[in-house]
Amino acid sequence: MQVYKFGGTSLGTAARMKSVAYLITRDQQQKIVVLSAVSGTTDKLIGLSKADIESGEAILRDMEKAYADYQKDLLTNEACLASATEFLSETFTSLREALHMQKAKDEKWFVAFGEFISTSLFSLLLIERGVDSAYLPALDFMRTADGEPVIPVITDLLQKVLTTIGPKQVYVTQGYICRNEDDQIDNLRRGGSDYTATIIGAALRADEIQIWTDIDGVHNNDPRIVKNTRPIDKLSYAEAAELAYFGAKILHPLCVRPARLAAVPIRLLNTMNPTAAGILIHQANPMSKGGAKAVAAKDGITAINIRSSYMLMAHGFLRKIFEVFEVHKTSVDMITTSEVAVSLTIDDDTHLDRIVTDLQDFGTITVDKDQTIICVVGAFGKDEVGAGLKILNSLRDIPIRMISFGGSESNISILISAGHKKEALEALNAGLFGQDQVK
Ligand code: ADP
Ligand code: ASP
Ligand code: MG
């Protein structure tokens, strides 16, 4: 069994969805195909869940028109077209009814329709083409508790659903969406279809998880911000996980973990260049010697500094501080300590006020919002020399708030104010990879 995941841009037009249908039927291997919503749809549905009736109606009219055109370009068989028309009409009726309901709207319920629509239209396309396929509803097996997937439960449910459906060449399922412990519709957070694919791949011990997107693999810097980035040919699980967690948008922050635990390789491929081999993420340890391989940036970081003379020579001080974060269910990303102070960062500031109030028992607290973690990934083993120097030399004109080095052998992280992000990424591209910014 193989797992193929296609993102929103790979489904952006009917022509692209047809290319996807072609790609998955090039060979006879059995596959589970995980689809995101068509690009732009999730954002529109989030907007709809927050909209008043007038602006919500405008969003709905816009989407109805776009999907009417999409289905006409996609399907030719009359019965399939009629099914698509009926499905879209029922979908937009449900969304309209929800918009007009007075009670508070649930964003998660709304966004799920993005993946329902893409997978329903794609399933009809496969029927039209006579592919031996089945619709595999993600809500029947994808389960979370406390916001995280419960792999043993998912494995069990998925196997049962597959047995009930029976053998098919292609199973089509929704990325991103799931049910939580209260049986409500939930999701795996933005970009979550990658995570769905790796969870399924791990659950079924697939041969390979293929993530198809609109770029040729992971680049050594963020191509949305920096010119002259290059694809990386090989990445270890650890390197890919660090890059995804620290901001490389191409992969969901947590999606490497299930594949790594199950030792299933992840291959990244480009739908715009489908014959290229793509890049493979598979080895347990860093793939190469010799310093930096790639750079990523994670925005929306808050830095908290706790200054206290009680810390001097005290034991148990750090435990007390971290307990505050545990109580408020907030994870800490970076940490540095000195004799009398601790600085750490969080990316979820939902409970910041309560965290600061509780921390005040331990010292003087200062908070800096709008920070960015710049993460340099590579092989920084204990015996390597010069990597830190190259990074800091590249960033010599940029004020640095924190540095984290030595926590893992594949990551050096630097915290800067968000206003310096572009400058920092460009400086590292020049300093580490010899790529200046002239095209
Ligand atoms: P999909 O819709 O297929 O899930 P995404 O938009 O989520 O695609 O991810 C692909 C995009 O990630 C690319 O188009 C690129 O602009 C962006 N990106 C950010 N950082 C990187 C990186 N280091 N390497 C490759 N792409 C990156
Ligand atoms: N459709 C969801 C999103 O836009 C999930 C995904 O694309 O992976 O975030
Ligand atoms: Mg994505």
Side-chain angles (χ1 to χ4, degrees), residues 4-13 16-17 19-20 23 33-47 107-108 110-119 138 142 173-178 185-200 210-233 235 239-255 266 268-274 278-279 281 292-299 374-378 421-422 425 428-429 432-433 435:
Y4 280 44
K5 176 259 166 178
F6 293 90
T9 41
S10 303
L11 306 166
T13 60
R16 289 211 175 150
M17 189 180 269
S19 311
V20 169
L23 280 173
V33 177
V34 177
L35 299 186
S36 304
V38 170
S39 57
T41 299
T42 306
D43 287 337
K44 288 207 181 91
L45 290 168
I46 291 174
E107 178 186 302
K108 289 170 173 163
F110 275 87
V111 294
F113 281 88
E115 273 70 14
F116 290 149
I117 296 174
S118 60
T119 49
M142 196 52 81
T173 194
Q174 297 84 19
Y176 179 55
I177 61 172
C178 57
I185 296 184
D186 208 322
N187 60 59
L188 301 172
R189 297 191 277 277
R190 293 308 302 266
S193 302
D194 301 330
Y195 205 8
T196 304
T198 58
I199 292 165
I200 294 177
Q210 297 197 352
I211 297 193
W212 289 79
T213 183
D214 62 346
I215 189 163
D216 42 358
V218 180
H219 280 220
N220 60 356
N221 207 325
D222 192 328
R224 294 166 303 170
I225 299 173
V226 174
K227 290 178 196 156
N228 295 333
T229 61
R230 280 192 303 250
I232 305 168
D233 56 351
L235 277 174
E239 291 163 340
E242 302 271 15
L243 275 178
Y245 187 72
F246 287 105
K249 194 205 168 211
I250 186 165
L251 287 172
H252 180 279
L254 303 178
C255 78
I266 304 175
L268 290 163
L269 293 129
N270 185 355
T271 32
M272 319 292 161
N273 182 17
I279 83 149
I281 301 168
K293 234 174 167 179
V295 181
K298 185 171 174 178
D299 295 321
I374 303 286
C375 165
V376 183
V377 162
K421 169 174 143 177
K422 186 170 193 300
L425 291 179
L428 288 167
N429 222 39
L432 300 180
F433 311 127
Q435 295 288 337

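Because only heavy atoms are used, hydrogens play no part in the values below, and waters and symmetry mates are left out as well, while side chains stay in. Every number for a ligand or one of its atoms is a count from 1 in the order of the listing.
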Please give the N or O to N or O pairs under 3.5 Å between ligand 1 and the protein, distances rounded to 0.1 Å.
| unit_1 | atom_1 | unit_2 | atom_2 | d |
| --- | --- | --- | --- | --- |
| ligand 1 | 2 (O) | Gly8 | N | 3.1 |
| ligand 1 | 3 (O) | Thr213 | OG1 | 2.7 |
| ligand 1 | 4 (O) | Lys5 | NZ | 3.1 |
| ligand 1 | 6 (O) | Lys249 | NZ | 2.7 |
| ligand 1 | 8 (O) | Thr213 | OG1 | 3.2 |
| ligand 1 | 14 (O) | Asp214 | OD1 | 2.9 |
| ligand 1 | 14 (O) | Asp214 | OD2 | 3.2 |
| ligand 1 | 23 (N) | His219 | O | 3.2 |
| ligand 1 | 24 (N) | His219 | N | 2.7 |

Check: Leu251 and Ile281 side chains under 4.5 Å, non-hydrogen atoms: yes
Protein heavy-atom partner closest to atom 6 (C) of ligand 2 - residue, atom, separation in Å: Ser193 OG, 3.4 Å
For atom 4 (O) of ligand 2, the protein heavy atom that lies nearest, with its residue and separation: Arg190 NH2, 2.9 Å
Presence of salt bridge, Lys249 and Asp194, under 4.0 angstrom: no
Set of side chain to side chain contact (heavy atoms under 4.5 Å, CB included) partners for Lys421, sequence neighbours left out: Ile225, Ala297, Asp299, Thr372, Leu425
Audit row: Ile200, Thr173, side-chain contact (heavy atoms from CB on, under 4.5 Å) steps and yes/no: CA-CA 10 Å; Ile200 294 177; Thr173 194; 3.9 Å; yes
N or O contact, Lys5 vs ligand 2, cut-off under 3.5 Å: no
Region of His252 that comes within reach of ligand 2 [heavy atoms, distance under 4.0 Å]: neither
Test of proximity, Asp194 against ligand 2: N or O pairs below 3.5 Å: no
Nitrogen or oxygen of Gly8 less than 3.5 angstrom from that of ligand 2: no
Sub-4.5 Å side-chain heavy-atom contact between Leu23 and Phe6: yes
Nearest heavy-atom neighbours spanning Asn429 and Lys227: ND2-O, 3.3 Å
Within-cut-off N or O pair, Glu115 and ligand 2, under 3.5 Å: yes
Side-chain heavy atoms of Arg16 within contact of Thr271, under 4.5 Å: no
Gap between atom NZ of Lys5 and atom OG of Ser10 - 0.5 Å precision: 7.0 Å
Straight-line distance of Thr229 OG1 to Phe433 CZ, nearest 0.5 Å: 10.0 Å
Residues Arg190, Asp43; criterion salt bridge (Lys or Arg N to Asp or Glu O under 4.0 Å); working and verdict: CA-CA 10 Å; Arg190 293 308 302 266; Asp43 287 337; 3.0 Å; yes
Close approach of Gly191 to ligand 2, heavy atoms, under 4.0 angstrom: yes
side-chain hydrogen bond (donor to acceptor under 3.5 Å, both in side chains), paired with Gln174, selected from Thr119, Asn187, Thr196: Thr119
From the candidates Cys255, Ser36, Ala197, Ala37, the one that places a heavy atom nearest atom 7 (O) of ligand 2: Ser36
Heteroatom proximity flag, Tyr176 to ligand 2, N/O under 3.5 Å: no
